[in-house]
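Input: a single structure, listed below in structure tokens.
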Amino acid sequence: MKFLKLFLLLFIVQTQAQQGGMWVPSLLKGMNESEMKNLGMKISAEDIYSVNKSSLKDAVPQFNGGCTSEVISPKGLILTNHHCGFDAIQNQSSVEKDYLTNGFWAYNMKEELPNKDLEVTFIVSINDVTKEILEGVNALTLETEKQKKIQENISKLNLSFKKEAWQENRIRSFFEGNQYILFVIESFKDVRLVGAPPSSIGKFGSDTDNWVWPRHTGDFSLFRIYADKNNRPAEYSEDNVPYTPKHFLPISLDGIKENDFTMVLGFPGRTQEYLPSFAVAQIQNELNPAKIEIRDAALKVQDGFMRKDNAIKIQYASKYAGVANYWKKWIGETMGLKKSNAVAKKQKEEVIFKENVAKAGKQNEYGTLLSDFEKNYVDIKDYALARDYFTEVFLRNTELLSTAYKIYQLEQVFNAKGEQAFNDRKNNLLSSLKDFYKDFNPTVDEKVFEKLVDLYVKKSPKQFLANDLININATSLSSDIYKNSKLVTYDQLTNLLTGDAKSVIANLNNDKGYLFVKQAADQYLKQVLPKFDEINLKNASLQRTYMKAQLELNKKARIFPDANSTLRVTYGKVKGYEPKDATLYMTTTYLDGVMEKYVPGDYEFDVPKKLVDLYNAKDYGSYGENGKMPVCFIGTNHTTGGNSGSPAIDAKGNLIGLNFDRVWEGTMSDINYDPAICRNIMVDARYVLFIIDKFAGAKNLIDEMKLVHPKKK
Ligand code: ARG
Ligand code: GLU
């Protein structure tokens with residue numbers, strides 16, 4: 001019995017250890033492929049990435065730089081998240097045609113809506129170019145010289161590496177600069193809106209449910225790629241035709257059950273999995289708490305106004321969501337780092353690292369790495385804090401201050417480049433500010449200013465505060481500024497900016513709001529940022545050496561490169577988890593849960609009547625499962641921001657879901673992935689089909705897809 005337990009434990013540890021990581025698709029053969037097969041995958045690494053034939057990667061373009069999408073029909077139909085298509089949907093909307101509220105469906109191709117500035121990017125090939133990029137670099141001693149040489153090599157290879165005329169080369173650094181990879185890419189610029197559910201489905205649960213499991217959001221939207229007559233990228237034209245993909249994903253109607261294999265292909269943005277313990281402790285104990293406290297204060301003020309005043313709610317909803325997204329993520333991340341003992345875990349790894357360095361006789365090369373890190377993180381602490389305070393208070397969360405900062409940069413442009421540059425920038429600024437002031441409410445912002453400036457003077461490191469600011473009273477300062485500053489309204493600001501550069505600058509320097517920002521910004525740019533950058537560069541160089549050492553000394557370890565917005569594969573299983581003592585979360589949510597959360601008229605939890613009717617009639621077509629309609633599910637795939645819209649793929653290469661979030665308890669996975677608790681959240685593909693078919697009646701779209709039953713013989 002005891003043995004059996006031990007065996008089971010070992011087995012669990014092993015299968016858990018095989019998960020996590022974001023892997024480069026061209027390098028899966030060997031370890032990854034065999035792990036994936038152990039987890040149940042039935043296709044091969046060659047089916048995921050191949051240079052010789054079409055493969056899964058040909059169906060997974062990056063969506064407009066920050067998200068992922070997947071091709072789901074032979075006519076270039078793509079699927080991504082509602083929150084990834086949000087701007088496009090919003091831009092297509094007007095008071096009469098409110099697609100955010102009511103949804104949008106094209107019932108034939110003529111109704112599809114072209115979008116300005118929207119593109120998707122396919123990866124054509126992945127090429128290791130480390131040798132070419134590092135050529136001549138090691139002979140140099142100064143870090144700055146090395147970086148210069150690397151940039152030269154990159155520019156040279158970008159020009160010479162063979163590609164077609166309509167393609168581009170893109171070189172990215174991996175393993176902190178220990179490896180370089182060149183991607184040949186193809187960007188399509190005619191991408192049209194095809195379908196979006198109402199926000200009450202696509203954004204159901206909004207901020208309250210964001211980052212949280214159990215989740216019930218139908219976070220999807222549909223677009224179509226158009227190409228020229230030769231199937232190549234082209235600017236928008238009426239003559240363009242639907243793109244014929246090299247590969248598209250069939251969609252499984254068979255659904256998922258616990259422990260099924262899943263993988264996610266996509267473009268994860270940024271992770272920091274190899275930080276030393278000192279850095280993790282600093283994030284957990286200093287930087288995250290400071291940023292959370294600032295955003296907490298800003299959000300409380302906004303929320304108070306939004307709940308009382310519908311006009312303010314409309315003005316601030318999207319801004320609020322933007323600020324709240326990472327605020328909530330940092331809270332989850334901080335709790336998760338503590339709960340998973342991330343710092344202690346790193347410390348243990350560092351002890352082993354030191355032993356390995358000694359064993360390998362590499363003290364000369366790596367012996368001082370950790371103590372250098374330790375010193376640097378002590379040195380950088382106050383600069384890093386001061387930088388976060390300035391960024392969060394002045395640049396991110398107080399609108400008057402961030403506007404004033406843009407104008408401050410205008411004065412700097414004049415000082416550096418003269419009148420012409422000043423005027424060009426001024427005109428750009430004026431047009432963007434016009435939009436900004438439409439949704440600016442000085443009454444709300446004055447309260448935010450008061451709370452945030454108070455935190456800034458009381459809590460950011462005192463030694464960097466301008467002398468005049470140390471003893472200010474934030475309440476009287478804010479009422480003074482919002483009464484007297486010309487930055488409070490667009491009209492006064494335009495007046496202030498009228499005239500030649502010299503007189504504009506003279507006027508600006510009479511404005512209290514402007515002067516306040518100028519004082520703080522001057523101080524920040526002189527006393528904080530240069531020193532921060534200097535220590536940060538040292539840390540980057542140490543991090544590169546640390547990475548090199550780990551790769552060298554630990555040849556067998558599962559070491560994957562941190563996310564860098566390039567195409568990656570992550571894999572795992574459909575799996576529930578235990579968020580806290582005596583609580584077990586299951587893998588799948590159902591439409592029943594949507595109805596449990598339903599609050600008629602609520603801005604987060606309202607539900608369209610049609611959906612209620614379908615639910616009452618249990619009219620799920622072939623998409624339901626035992627009389628229930630699945631909505632979302634979770635798995636152990638290691639994802640991060642940028643993976644939004646990524647396809648969740650089954651053992652045979654079919655689409656089973658659409659990634660859109662992570663669970664709160666596991667958001668520390670950007671720093672410390674723990675397979676016991678880190679889960680990604682996906683919309684079930686069957687819910688997407690159900691909404692398109694039964695809710696929207698867009699049979700035209702269903703008809704062009706390939707629906708399959710991989711589990712049936
Ligand atoms: N947490 C998800 C992702 O970063 C979804 C964000 C959009 N949804 C929202 N309620 N703000 O990024
Ligand atoms: N919602 C995120 C995105 O927009 C994905 C969630 C995550 O960070 O894992 O990319």
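Indexing begins at 1, ligand by ligand and atom by atom, following the structure's order.
What sits closest to atom 2 (C) of ligand 1 on the protein, heavy atoms only, is D661 OD1, 3.2 Å. Protein heavy atom nearest atom 1 (N) of ligand 1, with residue, atom name and distance: N210 OD1, 2.7 Å.
With sequence neighbours left out, the salt bridge (charged side-chain N to carboxylate O under 4.0 Å, His left out) criterion links E286 to K381. In terms of the side chain to side chain donor-acceptor pair (under 3.5 Å) criterion, residue partners of K300 (sequence neighbours excluded) are, by chain and number, D296.
Ligand-side atoms of ligand 2 in range of G642: 3 (C), 10 (O), range being under 4.0 angstrom from any heavy atom. Listed by number with element, the atoms of ligand 2 under 4.0 angstrom from any heavy atom of H83 are 1 (N), 3 (C), 4 (O). Listed by number with element, the atoms of ligand 2 under 4.0 Å from a non-hydrogen atom of R662 are 7 (C), 8 (O), 9 (O).
Between D670 and R662 there is a salt bridge, with a side-chain nitrogen of the basic residue lying less than 4.0 Å from a carboxylate oxygen of the acidic one.
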Next on the checklist: With side chain to side chain contact (heavy atoms under 4.5 Å, CB included) as the criterion, how do D606 and F204 come out once you've worked through the C-alpha distance, each side chain's angles and the decisive distance to 0.1 Å?
Outcome noted: CA-CA 8 Å; D606 202 4; F204 181 76; over 6 Å; no

Next on the checklist: Before you tell me yes or no, could you show the steps for R396 and E392 under salt bridge (charged side-chain N to carboxylate O under 4.0 Å, His left out), namely the whole-Å CA-CA distance, both residues' side-chain angles and the distance that decides it to 0.1 Å?
Outcome noted: CA-CA 5 Å; R396 186 67 173 92; E392 287 291 314; 5.6 Å; no

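For N659, no nitrogen or oxygen atom sits less than 3.5 Å from a nitrogen or oxygen atom of ligand 2, counting backbone and side chain alike. The distance criterion of under 3.5 Å between nitrogen or oxygen atoms is not met by C67 with respect to ligand 2. Below 3.5 Å of separation, one finds no N or O of G66 facing any N or O of ligand 2.
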